[in-house]
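Step one of this worksheet: look at the structure below.
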Protein chains: 2
Amino acid sequence: MSELTRPMRRQDIRRENEKAILLAAEKVFAEAGFGGATMQLIADLAGLPKANLHYYFATKEELYRSVVQNIFEIWLQAANCFDVARGPVDGISAYIDAKMEISRRHPDGSKVWASEVMHGAPVLQDYMESTLREWTDGRVEIIRRWIEEGQMDPVDPRHLLYMLWATTQHYADFGHQIETLNGGKSLSDRQWREAKENIKRVILKGIGALPA
Amino acid sequence: MSELTRPMRRQDIRRENEKAILLAAEKVFAEAGFGGATMQLIADLAGLPKANLHYYFATKEELYRSVVQNIFEIWLQAANCFDVARGPVDGISAYIDAKMEISRRHPDGSKVWASEVMHGAPVLQDYMESTLREWTDGRVEIIRRWIEEGQMDPVDPRHLLYMLWATTQHYADFGHQIETLNGGKSLSDRQWREAKENIKRVILKGIGALPA
DNA sequence: TTGCATCCTGACCGTATGGTCAGCTTTCAG
DNA sequence: CTGAAAGCTGACCATACGGTCAGGATGCAA
């Protein structure tokens with residue numbers, strides 16, 4: 001990585017190594033799960049000796065925690081699309097776009113997140129009970145207002161949110177299945193676009209937010 | 001389990017033990033993933049010595065394979081709802097009902113299946129390339145016919161199927177998240193019904209299958 | 001009752017894994 | 001230039017895990 005940047009500053013070293021480790025860890029955790037992942041595998045993928053991993057992350061748990069928190073940050077960031085919007089069409093469209101982009105660009109992270117939740121969120125339980133719950137409650141309120149304003153049908157806001165999460169997350173978590181059914185090839189740009197358009201159209205029409 | 005059925009027949013012994021082991025394995029694999037699951041844990045949960053597990057299932061892989069195949073059977077069975085139906089409203093409604101029932105009654109199995117796919121389907125790859133692909137292609141054809149007959153909008157059948165899988169599977173795989181957002185309590189009968197109704201209404205209306 | 005196949009299990013083994021550490025090299029402030 | 005702090009790592013350790021096996025218990029057909 002650095003044939004030319006010979007004299008690397010301390011800060012940079014730390015930042016780059018942590019980044020490389022986190023990236024490798026994300027991939028390995030996604031592919032093997034927490035239990036199946038090994039520090040050796042992560043180290044190899046990051047191109048570092050195993051002992052070096054323990055210099056930056058004391059334990060496997062700590063490393064895992066960092067990976068999961070990283071994803072959660074990205075996740076929350078995308079979630080803001082909801083706020084700026086004036087109505088369900090804008091808001092939900094933007095949110096679907098953002099979440100689909102995450103599924104496409106960070107499939108490993110999405111899988112780690114899914115895995116974490118599936119196993120009872122041992123690491124993120126407190127986040128779910130605080131940050132996630134608050135975010136959700138806020139969005140439920142927004143949707144409720146949209147309904148009151150007659151911008152969409154009276155659909156249960158929570159189940160609508162679950163539907164958005166499910167449909168978008170699916171393209172990351174079950175990406176392998178989708179690829180297999182796609183003749184073993186990953187989705188093309190065009191297919192990703194179609195996926196997004198389909199989801200948007202069905203959901204927006206389904207909640208009565210599209211002009212007749 | 002058998003204070004009164006003292007003399008247990010060979011057949012029964014085998015069947016009951018295999019059943020107990022598979023049930024325990026399903027739970028442990030769901031909670032810990034393949035890598036995190038241990039034969040000891042499964043044995044304890046099944047109430048048998050570890051060595052006894054290896055008498056019925058030679059290796060951890062073999063046991064896991066059995067669990068995954070079990071789920072796949074259930075999954076395929078539910079998938080037949082599609083065939084008997086005459087139109088999208090009947091077919092998709094029945095399918096959603098069936099898959100939601102699976103999510104509710106077999107959350108562990110659903111998680112194991114999700115985990116298997118997320119990790120690249122090491123065990124079920126061949127099934128996905130044969131059985132699953134055939135089933136999917138068949139259903140795509142059915143949906144295409146519905147579209148031609150004007151029973152629904154021209155929605156991409158594959159993405160519609162993914163949407164059905166995603167939304168229903170979500171209630172099992174992300175059940176913990178849903179429970180947390182539900183005040184830490186699992187969904188009531190009523191809430192499950194609402195979930196199903198919401199999904200059905202949004203999707204059926206979204207694909208233009210509901211009478212105006 | 002007898003002989004045998006099935007069922008069962010405590011004790012054991014080799015290996016892989018997470019983690020440690022002593023001591024090395026490199027950076028950099030003063 | 002220098003010394004201390006930060007970065008690095010090969011070798012090592014304790015443990016836990018998947019799997020084995022010899023030998024005992026049990027049901028069952030003849």
Side-chain angles (χ1 to χ4, degrees), chain A residues 1-22 24-29 31-68 112 119 122-123, chain B residues 1-22 24-29 31-68 112 119 122-123:
Chain A
M1 193 179 288
S2 54
E3 299 290 310
L4 302 172
T5 34
R6 213 72 61 56
M8 207 184 259
R9 286 180 316 170
R10 285 254 174 83
Q11 255 190 337
D12 296 341
I13 290 177
R14 178 151 221 119
R15 192 150 18 93
E16 282 201 18
N17 279 346
E18 283 181 349
K19 195 172 158 188
I21 293 170
L22 285 171
E26 185 175 283
K27 183 165 187 179
V28 173
F29 282 133
E31 286 176 355
F34 178 80
T38 72
M39 294 299 269
Q40 189 62 62
L41 229 68
I42 296 171
D44 291 348
L45 193 62
L48 296 169
K50 192 185 70 165
N52 208 354
L53 256 66
H54 283 98
Y55 174 73
Y56 288 104
F57 299 91
T59 67
K60 190 183 175 186
E61 273 82 7
E62 190 184 317
L63 175 54
Y64 175 75
R65 187 185 305 267
S66 296
V67 171
V68 172
V112 175
H119 297 75
V123 163
Chain B
M1 192 178 291
S2 54
E3 298 291 309
L4 303 171
T5 35
R6 214 72 61 55
M8 209 183 257
R9 287 180 315 172
R10 282 258 173 80
Q11 255 190 336
D12 296 341
I13 290 177
R14 176 152 222 120
R15 192 151 19 93
E16 281 200 20
N17 279 346
E18 283 181 349
K19 196 173 159 189
I21 293 170
L22 285 170
E26 185 175 281
K27 182 164 188 180
V28 173
F29 281 133
E31 284 175 357
F34 177 80
T38 72
M39 294 299 269
Q40 189 62 63
L41 230 68
I42 296 171
D44 291 348
L45 193 61
L48 296 170
K50 193 185 68 165
N52 208 353
L53 257 66
H54 283 97
Y55 173 73
Y56 287 104
F57 300 91
T59 67
K60 190 182 175 185
E61 274 81 6
E62 190 184 315
L63 176 53
Y64 175 75
R65 187 185 305 269
S66 296
V67 170
V68 172
V112 175
H119 297 2
V123 163

query: Base, sugar-phosphate, or nothing: which does A:Ala43 touch, judged by heavy atoms less than 4.0 Å apart?
result: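 No contact.
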Roughly how many Å is it from [atom1] in [X] to [atom2] in [N], rounded to a whole number?
X: B:Lys50; N: D:dC21; atom1: NZ; atom2: P; result: 14 Å
X: B:His54; N: D:dG19; atom1: NE2; atom2: C1'; result: 5 Å
X: B:Ile21; N: C:dC7; atom1: CD1; atom2: C1'; result: 12 Å
X: B:Asp44; N: D:dG18; atom1: CG; atom2: P; result: 12 Å
X: B:Phe57; N: D:dT20; atom1: CZ; atom2: C1'; result: 18 Å

Within 6.0 Å of NZ in A:Lys27, more than 12 heavy atoms from elsewhere: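 At most 12 heavy atoms, drawn from other residues, nucleotides or ligands, come within 6.0 Å of this atom.
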For nucleotides 7-10 of chain D, give me every protein contact, N/O to N/O, under 3.5 Å, one pair per line with atom names.
from: D:dG7; atom 1: OP1; to: A:Arg14; atom 2: NH1; distance (Å): 3.3
from: D:dG7; atom 1: OP2; to: A:Arg14; atom 2: NH1; distance (Å): 2.5
from: D:dG7; atom 1: OP2; to: A:Tyr55; atom 2: OH; distance (Å): 2.6
from: D:dG7; atom 1: O5'; to: A:Tyr55; atom 2: OH; distance (Å): 3.3
from: D:dC8; atom 1: OP1; to: A:Asn17; atom 2: ND2; distance (Å): 3.1
from: D:dC8; atom 1: OP2; to: A:Asn17; atom 2: ND2; distance (Å): 3.2
from: D:dC8; atom 1: OP2; to: A:Tyr56; atom 2: OH; distance (Å): 2.4
from: D:dT9; atom 1: OP2; to: A:Asn52; atom 2: ND2; distance (Å): 3.1

Quick one: [atom1] on [X] to [atom2] on [Y], what's the gap to the nearest 0.5 Å?
X: B:Glu26; Y: B:Glu31; atom1: CD; atom2: CD; answer: 11.0 Å
X: A:Leu45; Y: A:Ile21; atom1: CG; atom2: CD1; answer: 11.5 Å
X: A:Tyr56; Y: A:Glu62; atom1: OH; atom2: CD; answer: 13.5 Å
X: B:Leu53; Y: B:Gln40; atom1: CG; atom2: CD; answer: 9.0 Å
X: A:Thr38; Y: A:Lys50; atom1: OG1; atom2: NZ; answer: 8.5 Å

task: List the steps and the verdict of side chain to side chain contact (heavy atoms under 4.5 Å, CB included) for B:Met39 and B:Leu63.
output: CA-CA 10 Å; B:Met39 294 299 269; B:Leu63 176 53; 4.2 Å; yes
message: Give the residues of residues 58-67 of chain B touching DNA chain D, defined as any heavy atom closer than 4.0 Å, sorted by residue number.
response: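 Only B:Thr59, B:Lys60, B:Glu61 qualify.
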task: Give me the ring orientation class for A:Phe29 and A:Phe34: parallel if the planes are under 30° apart, tilted from 30 to 60°, perpendicular past 60°.
output: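 A:Phe29 and A:Phe34: parallel rings.
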